[in-house]
Colleague: 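Just passing along the structure, written as structure tokens.
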Amino acid sequence: MNKKFLISGLATTVVLFILNAIVYAFFLKDFFQNHPAVSPEFMKQLYRPDDQIIVWAVILCSIAAGFFITTAINWSGSKTFTSGLKSGFIFGILFLCTVDFGLLGTTNNFITIGAFADIICSTTTITISGGI
């Protein structure tokens, strides 16, 4: 792992974390509360309240995602912001379709509109992070 890759991975991690926090706080949190796939009682069991979030796990998840995206962009051969956006979009849409449609098809905690909302929002954050 070289210095440029490490710096790129850290930059991607920070940008992705900030963008995801913004998207979640301003759109997805209310969206998923207004479009629950399960009963409100089960939602309380499924999701941790804000004051019970395990911060170290969120940080490790963010770092892993940042370096995962950086690796995909690096392997794509992208060298510019625009080519990073293109590669980030392709990676993001394919990855999120895999995850969200898999969850939609096999669990009871996703509904179709929720899967599409997550794909759209998260693909956007991954695309921008890929450009960075």
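None of these values were measured; they are calculated from a predicted model.
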Colleague: Looking at every heavy atom in both R48 and Q52, which two are closest together, and how far apart are they?
Modeller: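 Residues R48 and Q52, closest heavy atoms: CD-O, 3.3 Å.
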Colleague: Tracing side-chain links under 4.5 Å among I, L, V, M, F, W and Y, which residues wind up in one group with L60?
Modeller: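 Besides L60, the cluster holds I54, W56.
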Colleague: Taking the side chain as everything from C-beta on, heavy atoms only, tell me whether N74 gets closer than 4.5 Å to S8.
Modeller: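 No, their side chains stay 4.5 Å or more apart.
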Colleague: Calculate, to the nearest 0.5 Å, the distance between atoms OG and CG belonging to S122 and L28 respectively.
Modeller: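 Here the rounded value is 6.5 Å.
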Colleague: Decide side chain to side chain donor-acceptor pair (under 3.5 Å) for T82 and T80; before the verdict, give the C-alpha distance in whole Å, the side-chain angles of both, and the deciding distance to 0.1 Å.
Modeller: CA-CA 5 Å; T82 303; T80 66; 4.8 Å; no
Colleague: How does the hydrophobic cluster around I119 look, that is, which other residues are in it when side-chain heavy atoms under 4.5 Å mark a link?
Modeller: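 Traced through the cluster, I119 reaches L16, F68, I69, I73, F89, I90, F91, I93, L94, F95, L96, V99, F101, L103, L104, F110, F116, I126.
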Colleague: What heavy-atom pair brings S87 and S76 nearest, and what distance separates the two atoms?
Modeller: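 Looking at all heavy atoms of both residues, the closest pair is OG-OG, 3.0 Å.
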Colleague: Return the CG to CD1 distance between L19 and I132, rounded to the nearest 0.5 Å.
Modeller: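 One finds 8.0 Å between CG of L19 and CD1 of I132.
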Colleague: Taking only residues two or more places apart in sequence, or in another chain, which ones meet T123 in a side chain to side chain donor-acceptor pair (under 3.5 Å)?
Modeller: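 Per chain and number, T123 pairs via side chain to side chain donor-acceptor pair (under 3.5 Å) with no residue.
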Colleague: List the residues meeting salt bridge (Lys or Arg N to Asp or Glu O under 4.0 Å) with D51, not counting sequence neighbours, and say none if there are none.
Modeller: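 If we apply the salt bridge (Lys or Arg N to Asp or Glu O under 4.0 Å) test to D51, skipping adjacent residues, there are no hits.
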Colleague: Would a single hydrophobic cluster contain both L10 and I63, if residues Ile, Leu, Val, Met, Phe, Trp and Tyr are joined by side-chain heavy-atom contacts under 4.5 Å?
Modeller: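 Both belong to a single hydrophobic cluster.
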Colleague: For residues S129 and V15, report the shortest heavy-atom separation together with the two atoms involved.
Modeller: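 Scanning both residues, the minimum pair turns out to be OG-CG1, 3.8 Å.
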Colleague: My understanding is that a hydrophobic cluster links ILVMFWY residues whose side chain heavy atoms are under 4.5 Å apart, including indirect links. Using that, what else belongs to the cluster containing I53?
Modeller: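 Besides I53, the cluster holds F17, V58.
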Colleague: What's the separation between atom CD1 in I128 and atom OG1 in T12, rounded to the nearest 0.5 Å?
Modeller: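 Taking CD1 in I128 and OG1 in T12, the distance rounds to 12.5 Å.
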Colleague: How many angstroms lie between atom CG of L6 and atom OG1 of T70, to the nearest 0.5 angstrom?
Modeller: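 Output value for this atom pair is 10.0 Å.
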Colleague: Taking only residues two or more places apart in sequence, or in another chain, which ones meet L85 in a side chain to side chain contact (heavy atoms under 4.5 Å, CB included)?
Modeller: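 Scan of L85 (side chain to side chain contact (heavy atoms under 4.5 Å, CB included), adjacent residues dropped) gives F81, T127.
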Colleague: Looking at OH of Y24 and OG1 of T125, how far apart are the two atoms once the value is rounded to the nearest 0.5 Å?
Modeller: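 One gets 14.5 Å once the value is rounded to the nearest 0.5 Å.
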